[in-house]
Amino acid sequence: MAETTEVKKPTTRKKQRRAVPAGQMHVQASFNNTIVTFTDKKGAVLCASSAGACGFRGSKKGTAYAAQVAAEKAAEAVQALHGMKSVDVFVKGVGLGRDAAIRAVSGFNMQVDSIKDVTGVPHGGVRPRKARRV
């Protein structure tokens, strides 16, 4: 009475390879890292990369060169998988990678339609600390 048990593989859906000729590029540039994300017009993520994912560690992640490499890697992947030709760029943050990421993509045979700064600006903010008495 030998029973054979079949091991079932968990079913995972295959990623769709749909053609997206125009989309958005979101650049989140902090002092410590730069994250580049390509999305379609609705905001669904197609491809992403960061300076840390490209092999940069420590303070090197915050440099303009690291942002350029991350943008090139993401742009290459999104062109290969989805055939993206033009992007609207949304930049957030104050890091060194802001301009470098845009330049890298525009030099990568991709048309930059618009550039918009979506950095958060505080209005009101937290309560200031009490005055110092000497």
Side-chain angles (χ1 to χ4, degrees):
M1 297 196 183
E3 289 183 33
T4 57
T5 56
E6 289 184 30
V7 179
K8 286 188 178 179
K9 267 189 177 177
T11 55
T12 55
R13 284 179 20 184
K14 192 177 179 189
K15 254 188 197 175
Q16 277 185 318
R17 277 190 152 189
R18 57 192 176 104
V20 183
Q24 299 174 346
M25 173 184 164
H26 296 267
V27 180
Q28 211 280 317
S30 70
F31 290 119
N32 295 322
N33 202 355
T34 303
I35 302 167
V36 181
T37 308
F38 283 92
T39 67
D40 59 10
K41 288 288 187 186
K42 292 180 180 177
V45 175
L46 301 172
C47 183
S49 183
S50 68
C54 292
F56 294 93
R57 285 286 167 247
S59 59
K60 293 185 186 82
K61 286 195 299 186
T63 62
Y65 177 67
Q68 177 187 333
V69 172
E72 284 173 358
K73 183 178 175 184
E76 187 178 322
V78 83
Q79 270 186 341
L81 292 173
H82 303 285
M84 193 175 283
K85 296 275 185 263
S86 66
V87 288
D88 297 312
V89 180
F90 296 91
V91 184
K92 183 186 278 188
V94 292
L96 297 170
R98 290 167 58 100
D99 303 326
I102 299 169
R103 275 201 210 97
V105 168
S106 63
F108 209 81
N109 210 7
M110 251 192 213
Q111 181 184 340
V112 177
D113 295 335
S114 67
I115 300 172
K116 188 175 180 184
D117 191 349
V118 291
T119 305
V121 180
H123 43 280
V126 298
R127 180 175 171 269
R129 54 184 294 185
K130 65 182 182 184
R132 187 167 168 258
R133 289 184 297 218
V134 181

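Heads up: numbering here begins at 1 and tracks the sequence.
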Minimum heavy-atom distance [X]-[Y], with the two atoms named:
X      : Y      : value
Ala100 : Ala67  : CB-CB, 4.5 Å
Asn33  : Ala51  : OD1-CB, 3.2 Å
Lys92  : Val118 : CE-O, 3.7 Å

Taking side chain as C-beta onward, heavy atoms only, is [X] less than 4.5 Å from [Y]?
X     : Y     : result
Leu81 : Phe38 : no
Thr39 : His26 : yes
His82 : Asp40 : no

Exercise. To which residues is Phe31 joined in a hydrophobic cluster, defined by side-chain heavy-atom contacts under 4.5 Å among Ile, Leu, Val, Met, Phe, Trp and Tyr, whether direct or through other members?
Worked result: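 Answer for Phe31: Val94.
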
Distance from [X] atom [atom1] to [Y] atom [atom2], nearest 0.5 Å?
X     : Y      : atom1 : atom2 : value
Gln24 : Met84  : CD    : CE    : 9.0 Å
Gln68 : Arg103 : CD    : CZ    : 9.0 Å
Ser86 : Met25  : OG    : CE    : 13.0 Å
Glu72 : Cys54  : CD    : SG    : 9.0 Å

Problem set entry | Donor + acceptor pair across side chains of Thr119, Asp117 (<3.5 Å) |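 Side chains of Thr119 and Asp117: pair found under 3.5 Å.
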
Problem set entry | From CA spacing to verdict: side chain to side chain contact (heavy atoms under 4.5 Å, CB included), Lys41, Asp88 | CA-CA 9 Å; Lys41 288 288 187 186; Asp88 297 312; 2.6 Å; yes

